[in-house]
2 protein chains.
Amino acid sequence: MRSRRYSTMNAMKWSPAVTAATSTRELAHPSCAEIRLEGVLHALSDPLRLRIVRELAVADDALSCSYFDLPISKSTTTHHFRVLRESGVIEQNYRGTAKMSGLRREDLDRLFPGLLDSVLGAAAAQAARLGDR
Amino acid sequence: MRSRRYSTMNAMKWSPAVTAATSTRELAHPSCAEIRLEGVLHALSDPLRLRIVRELAVADDALSCSYFDLPISKSTTTHHFRVLRESGVIEQNYRGTAKMSGLRREDLDRLFPGLLDSVLGAAAAQAARLGDR
DNA sequence: TGCTTCGTACGATACCCATCGTAGTAAGCC
DNA sequence: GGCTTACTACGATGGGTATCGTACGAAGCA
């Protein structure tokens with residue numbers, strides 16, 4: 001018998017050790033050691049999530065979730081950002097009522113040198129090849 | 001039950017795909033224009049498929065499906081190879097009773113320069129970081 | 001103290017997909 | 001012709017996941 005597939009989220013569903021703090025709005029992020037290539041690739045394989053990552057990549061600093069004009073509901077948006085965060089692609093924190101998201105560029109570059117850049121380049125190439133947008 | 005018409009349905013399923021064929025046993029491959037980055041990333045986001053691709057990458061030429069010692073059934077193996085082929089990551093053709101698979105390295109490099117290499121490098125780095133295998 | 005903005009949790013739904021076993025085709029060999 | 005090897009199609013199954021609406025919470029503002 002084989003473990004079915006890989007467990008998408010590395011064992012940390014949505015209630016990790018953060019519970020010690022008193023109502024501090026903190027979000028669980030995987031440590032670098034917990035980031036898995038398969039999870040990163042899976043996170044990037046969704047068109048909407050790839051689009052989010054591309055926009056984050058050209059931004060100077062973190063962007064709020066509401067910055068993105070996505071053709072999906074707010075709940076689904078939350079879902080996609082959570083997939084990106086739990087796979088280790090982005091980091092998020094609260095600033096007032098807003099939730100800011102930014103690429104974990106340095107972590108990813110250290111773990112998987114060149115990967116993020118080539119994915120971003122490939123996405124740009126494909127966008128140019130198709131009708132762009 | 002011996003004389004059940006099986007190949008007729010098969011032929012109908014495959015024939016509309018044109019492709020000036022010399023043999024009836026030809027496999028459908030996406031053209032370069034049809035290859036999508038999201039599909040490639042999705043294909044590579046499965047641990048078993050990534051493992052297949054890694055082994056193909058170090059092989060000199062195409063390998064038969066049975067070369068791989070995968071911890072899954074033969075039907076599931078067929079499924080994974082089909083995902084890889086239909087996403088444009090590998091090409092396959094029949095040689096006798098065997099089905100040979102090889103990376104579409106040049107196509108991928110032309111479409112997405114550097115992507116394949118960085119994914120392979122990332123996979124190797126992660127394998128080294130973890131217990132390897 | 002309300003009201004607004006922004007995001008979350010929850011439950012539901014429908015589709016996707018990894019897996020299997022079984023039964024079948026296709027080529028090669030004795 | 002039978003036997004073997006290699007792979008496939010089909011149908012089923014169970015878990016994954018993208019989507020939604022609704023109700024809720026937390027922060028900021030009037």
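Each chain gets a letter, A, B and so on, in the order its sequence line appears, and its residues count up from 1.
Protein atom NE2 of H79(B) is 15 Å distant from nucleotide atom P of dC10(D), rounded to whole Å. Atom-to-atom, CZ of F81(A) to C1' of dA9(C) comes out at 18 Å; the value is rounded to the nearest Å. One interatomic measurement links the two molecules: OH of Y94(B) to P of dG28(C), which rounds to 13 Å at whole-angstrom precision. If you measure from atom CD of E38(A) to atom C1' of dG16(D), you get 16 Å, rounded to the nearest angstrom. Note: CG (L70(B)) to P (dC7(D)) measures 11 Å, nearest angstrom. Separating the OH atom of Y67(B) from the C1' atom of dA6(D) is a distance of 17 Å, rounded to the nearest angstrom. To the nearest angstrom, C1' of dT5(D) lies 8 Å from NZ of K74(B). The distance from atom CG of D46(A) to atom C1' of dC15(C) is 14 Å, rounded to the nearest whole Å.
Taking side-chain N and O atoms only, T76(A) has no distance below 4.0 Å to OP1 or OP2 of dA18(D). Residue H80(A) places at least one side-chain N or O closer than 4.0 Å to OP1 or OP2 of dT19(D). OP1 or OP2 of dT17(D) has not a single side-chain nitrogen or oxygen of R82(A) nearer than 4.0 Å.
R95(A) comes within 4.0 angstrom of no nucleic acid atom, judged by non-hydrogen atoms across all strands.
Looking at residues 56-66 of chain B, you'll see S64(B), C65(B), S66(B) sit with a heavy atom under 4.0 Å from some atom of DNA chain D.
Set against dT19(C), dC20(C), dC20(D), the side chain of S73(B) has dC20(C) as its closest nucleotide. Nearest nucleotide to the side chain of R49(B), out of dA18(C), dG28(D), dG28(C): dA18(C). When each of dA18(C), dC20(D), dG28(C) is scored by its nearest atom to the side-chain atoms of I72(A), the top-ranked nucleotide is dC20(D). The listed nucleotides are dG7(C), dG28(D), dC7(D); the one nearest the side chain of A98(A) is dG7(C).
When the options D46(B), V119(B), L84(B) are evaluated for a side-chain contact (heavy atoms from CB on, under 4.5 Å) with V53(B), the one that passes is L84(B).
Note that CG of L44(B) is 8.5 Å distant from CG of L120(B), once rounded to the nearest 0.5 Å.
Residues P71(B) and L48(B) are in side-chain contact: their nearest non-hydrogen atoms beyond the backbone lie under 4.5 Å apart.
Between L48(A) and T78(B), the one whose closest nucleotide on DNA chain D sits nearer the 5' end is T78(B).
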message: Run I52(B) and Y67(B) through side-chain contact (heavy atoms from CB on, under 4.5 Å) and show every step you take.
response: CA-CA 10 Å; I52(B) 292 171; Y67(B) 169 86; over 6 Å; no

- prompt: Would R82(A) and Q92(A) count as a side-chain contact (heavy atoms from CB on, under 4.5 Å) if you check the C-alpha gap in whole Å, the side-chain angles of each, and the deciding distance to 0.1 Å?
  reply: CA-CA 9 Å; R82(A) 184 168 55 213; Q92(A) 299 188 288; 5.7 Å; no

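Side-chain atoms of S75(B) come within donor-acceptor range of the base of dG21(C), with a qualifying N/O pair under 3.5 Å.
Ion pair D117(A)/R105(A) flagged as a salt bridge, since at least one NZ, NE, NH1 or NH2 atom sits closer than 4.0 Å to an Asp/Glu carboxylate oxygen.
Under the 3.5 Å distance criterion, the side-chain polar atoms of R36(A) are left unmatched by any main-chain donor or acceptor of G88(A).
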Please list, one pair per line, the donor and acceptor atoms closer than 3.5 Å that link side chains of residues 73-81 of chain A to other protein atoms, with sequence neighbours excluded.
from, atom 1, to, atom 2, distance (Å)
S73(A), OG, T76(A), N, 3.3
S73(A), OG, T76(A), OG1, 3.1
T77(A), OG1, S73(A), O, 2.9
T78(A), OG1, K74(A), O, 3.2
H80(A), ND1, R49(A), NH1, 3.1

